[in-house]
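The block underneath contains the structure these notes are about, expressed in structure tokens.
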Amino acid sequence: MESVNYTSKRYALLLGFSAWFILFSFLLRIVFLFWQLDEIDLSIINLLKILFTGLAFDLGTLSFLAVISTLYMLLLPKKLIGSKIDKIFIYSGFGLTLLIFVFTFFAEITFWEEFKCRFNFVAVDYLIYTFEVVQNIHESYPLYLLIPSMLIITSVVFYYFIRNNFFKNTFATKISFKNRILPFVLSLTVMLFYVFFVSNSNAEWSKNRYNNEISKTGIYSFFAELRNNKLDFKTFYNSISDEEAFQLIRNNLKDDNVKFLSNDFSIKRKITDSLEVNTKPNVVFILIESMSASFMTEFGNEKKITPFLDSIANKSLFFKNLQATGNRTVRGMEAVTLSIPPTPGQSIVKRPNNSNLYTISNVFKSKNYQCNFFYGGDGYFDNMNAFYGGNGFDIYDRGRGSVLSDKIKTTRHNIDDSEVTFENAWGICDEDIYNKMIKVADEYHQKKKPFLNFVMTTSNHRPYTYPENKIDIPSGKSRSGAVKYSDYALQQMFKKAKNKPWFKNTIFVFVADHCASSAGKDEIDVANYHIPAIIYGENLIQPQKVTKLCSQIDIFPTLFGQLHWSYTSNFFGTDVLSKKYQERALMGTYLKLALQKDKIITILSNKKTNTHYNWNKTSNKLKVIPINKFELNETISWYQAADYLYLNNKLN
């Protein structure tokens, strides 16, 4: 007993730190519980599940730290215990680790405010794109309060450990090598158990998403996402035979004017329009950052923050029941450019082998169009430049020194300082990027070359800053202000474009990349995937309100139908206005994949489980109903086929 007590003193600091981490993690969990009190499914049993599941993941996090600590103690010679080098390593290591963990707790609170979840793949991305993220944090949060608070908490905890002799006991206990083996072996065993047998998805025990997220531990979730950056569909999801999957998909894509080009596992087909004419209007496509349908008066918003979009909707082909495929910009880009469902894991925009694919640019280039991509920041962010540059677009971006691979054959144009009136962490304001787009449109009009100008906006994004004195809401105060400024910038762009000689031969398409928030208590928050989509062309597009349920992947196929183009398609999207169109929407998170057909939602989970729901549109609640085998297989077919085509290089 004395030997155990004697040995434990050398590990007093590690044990004390572990107790501190568990306490703070518990308190953070309680904060999140009260934060979402109205939306969690709370009972005594569920509360205990949350706390004990959370404790299990806290211990898993600590096991990795314990391996590092006990390995150091194992390898340090006995004579150096308590030496200057030992003190330097332990003092500095403890202080740095403590500061990192305190920072993590603060970061989790700000991340929860934005995304209503623990660290996920977005946090992994944020680690990569440090410039934008650091600038965004600087512009969004009071760092003059946050940084001192972190330093004060770190200092107080550090002092507590000094005052209570944790360091003294650690340095004074010269235990033998033999007595150091067991702590290391135990730590390593526990860590390996978590590595091989515990998945972050084990925390997802409830139908209520908030219950699951609060059960997790932020640091553990972060490294789990870092490890599982991409997911093989058949490994993690229930599947059917590839033959059945493609048969179901091809049945969904059939139409009177469609002819499939092969009988193998493919969706490539020829679409022939009997009314084809040689029309080549310019297309200005605006992918609007975080523009939820709920912001528009047309969908019941009473704040009047989208007057331009509301005014033009009635003069356009206006999609009233269109769903985004995901909750990130790259998902929206993937959906409209590749016309593909959201495959599990990362968006194809950010995956390897994502160049020379069959995208909308192939259709436009077959008609002799010039394709341009505009982004107000540095397009290295989210791999945008590599994706669009590698798939037929010239690039116009701010550029901060990032260099494209020599393998990507494109022309990159820098947006100069002289063209910028306002800029924040994410890039130049929407007015500036539209001015650049108009300038390029003028150039190609003079060359008598039809163009597709694809613009990704940035202003409707935290920190919600924009030029002063443009609208009646001060900059940097709220999402409503950013939405209203984004709408204002669209209006200014439209006014300027109207005076251009190319305007009357130009179609404008306005679509959101995703909603401002997609978080909710259910696996998929259906209402938070609802986005506006507008196709406007003076004397080119017949105004109409489309009430059919549809998806982002249908935008360009519907536009091509309006233009009466015949073209080759490798797209999962179809013309919504076709008589044979089958209503459906495809939605996903990083791990959950869903098919919506009217009020029926089928969700696939990465744990090879599936759930069938009835969706109440009024309350936005999902009610579990018995699985329908055909609808389950149909849901699987969309995602399995998309995954198959990507993995087998058949998206070209």
Side-chain angles (χ1 to χ4, degrees), residues 36 38-43 46 49 116-117 120 201 203-215 231 233 236-240 245 248-249 252 292-294 299 320-327 331 335 341-344 514-515 517-531 547-553 572 582-640 642:
Q36 306 299 152
D38 293 337
E39 298 185 84
I40 58 175
D41 183 8
L42 196 59
S43 65
N46 284 347
K49 281 186 177 181
K116 295 294 186 292
C117 64
N120 57 16
S201 61
E204 297 174 1
W205 51 270
S206 173
K207 295 295 182 185
N208 186 296
R209 193 185 66 83
Y210 289 117
N211 286 28
N212 298 333
E213 292 296 330
I214 297 170
S215 298
L231 300 172
F233 182 86
F236 291 93
Y237 297 82
N238 281 328
S239 60
I240 55 181
L248 287 169
I249 286 299
N252 272 285
S292 305
S294 60
F299 295 107
K320 297 201 65 174
N321 197 11
L322 186 140
Q323 300 288 78
T325 61
N327 48 24
R331 281 301 187 195
T343 51
H514 55 81
C515 283
S517 172
S518 60
K521 67 178 183 179
D522 291 317
E523 294 182 277
I524 296 284
D525 192 293
V526 182
N528 280 338
Y529 283 78
H530 185 204
I531 58 172
T547 58
K548 295 178 183 178
L549 175 65
C550 53
S551 169
Q552 266 177 321
I553 68 174
F572 284 81
Q582 300 179 47
E583 295 186 47
R584 49 86 190 105
L586 299 142
M587 301 169 287
T589 64
Y590 185 58
L591 298 174
K592 308 290 185 180
L593 306 170
L595 174 68
Q596 178 185 0
K597 300 189 79 173
D598 192 21
K599 296 178 182 179
I600 304 301
I601 314 289
T602 306
I603 298 179
L604 312 179
S605 168
N606 61 306
K607 295 186 289 185
K608 291 203 171 188
T609 58
N610 317 292
T611 316
H612 214 48
Y613 294 101
N614 185 285
W615 176 52
N616 185 315
K617 186 175 181 179
T618 303
S619 65
N620 191 34
K621 290 183 178 179
L622 298 178
K623 180 182 178 181
V624 178
I625 58 176
I627 287 283
N628 179 297
K629 185 67 173 177
F630 176 80
E631 290 182 354
L632 172 61
N633 288 350
E634 185 179 15
T635 304
I636 291 171
S637 71
W638 285 99
Y639 297 103
Q640 184 173 322

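- Minimum heavy-atom separation, D598 to W615: O-CE3, 4.3 Å.
- One finds the OG1 atom of T602 at 4.0 Å from the NE2 atom of H612 (value rounded to the nearest 0.5 Å).
- The shortest heavy-atom contact between S551 and T325 is OG-CG2, 3.7 Å.
- With respect to K597, the side chain to side chain donor-acceptor pair (under 3.5 Å) criterion is satisfied by exactly one of E634, E631, E583: E634.
- To the nearest 0.5 angstrom, L322 atom CG is 6.5 Å from Q552 atom CD.
- In this structure, the side chain of N620 engages the main chain of A527 through a donor-acceptor pair within 3.5 Å.
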Please assess Y613 against V526 for the test side chain to side chain contact (heavy atoms under 4.5 Å, CB included), listing each intermediate value before the final yes or no.
CA-CA 11 Å; Y613 294 101; V526 182; over 6 Å; no
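- Scanning both residues, P344 and R331, for their nearest heavy atoms gives C-NH2, 4.3 Å.
- In this structure, CG on L632 lies 6.0 Å from NZ on K629, to the nearest 0.5 angstrom.
- T343 has its side chain out of reach of Y639: every pair of non-hydrogen atoms, C-beta onward, lies at least 4.5 Å apart.
- Between I600 and N614, the closest side-chain pair of non-hydrogen atoms falls below 4.5 Å.
- Residue Q36 holds its CD atom at 9.5 Å from CG of N208, rounded to the nearest 0.5 Å.
- Between I524 and Y529, the closest side-chain pair of non-hydrogen atoms falls below 4.5 Å.
- Atom CG of N238 is separated from atom CG of N633 by 9.5 Å, given to the nearest 0.5 angstrom.
- The shortest side-chain heavy-atom distance between H530 and Q323 falls under the 4.5 Å cut-off.
- Relative orientation of the F572 and W638 rings is tilted, given thresholds of 30° and 60° on the angle between their planes.
- Looking at S605 and L591, their side chains never come closer than 4.5 Å, going by heavy atoms from C-beta outward.
- Taken from SG in C550 to CD in Q582, the straight-line distance is 14.0 Å, to the nearest 0.5 Å.
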Could you walk me through whether I531 and C515 pass the side chain to side chain contact (heavy atoms under 4.5 Å, CB included) test, one step at a time?
CA-CA 6 Å; I531 58 172; C515 283; 3.8 Å; yes
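- Q640 approaches S239 most closely through the heavy-atom pair OE1-CB, 3.2 Å.
- Taking a 6.0 Å sphere around NZ of K599, one finds it holds 12 or fewer heavy atoms contributed by other residues, nucleotides or ligands.
- Side-chain atoms of Y237 and N610, non-hydrogen and from C-beta on, never get closer than 4.5 Å to each other.
- Electrostatic pairing of K592 and E204 counts as a salt bridge here, judged by a charged N lying under 4.0 Å from a carboxylate O.
- Contact record, P341 with L586: CG-CD1, 4.1 Å, taken as the closest heavy-atom pair.
- Proximity of a side-chain donor or acceptor of N606 to a complementary backbone N or O of F236 within less than 3.5 Å is not detected.
- The minimum heavy-atom distance linking N616 with S619 is given by the pair OD1-N, 3.1 Å.
- Using a 3.5 Å distance cut-off with no hydrogens or angles, the side chains of K207 and T611 do pair a donor with an acceptor.
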Run the numbers on W205 and N46 for side chain to side chain contact (heavy atoms under 4.5 Å, CB included), then give the verdict.
CA-CA 10 Å; W205 51 270; N46 284 347; 3.6 Å; yes
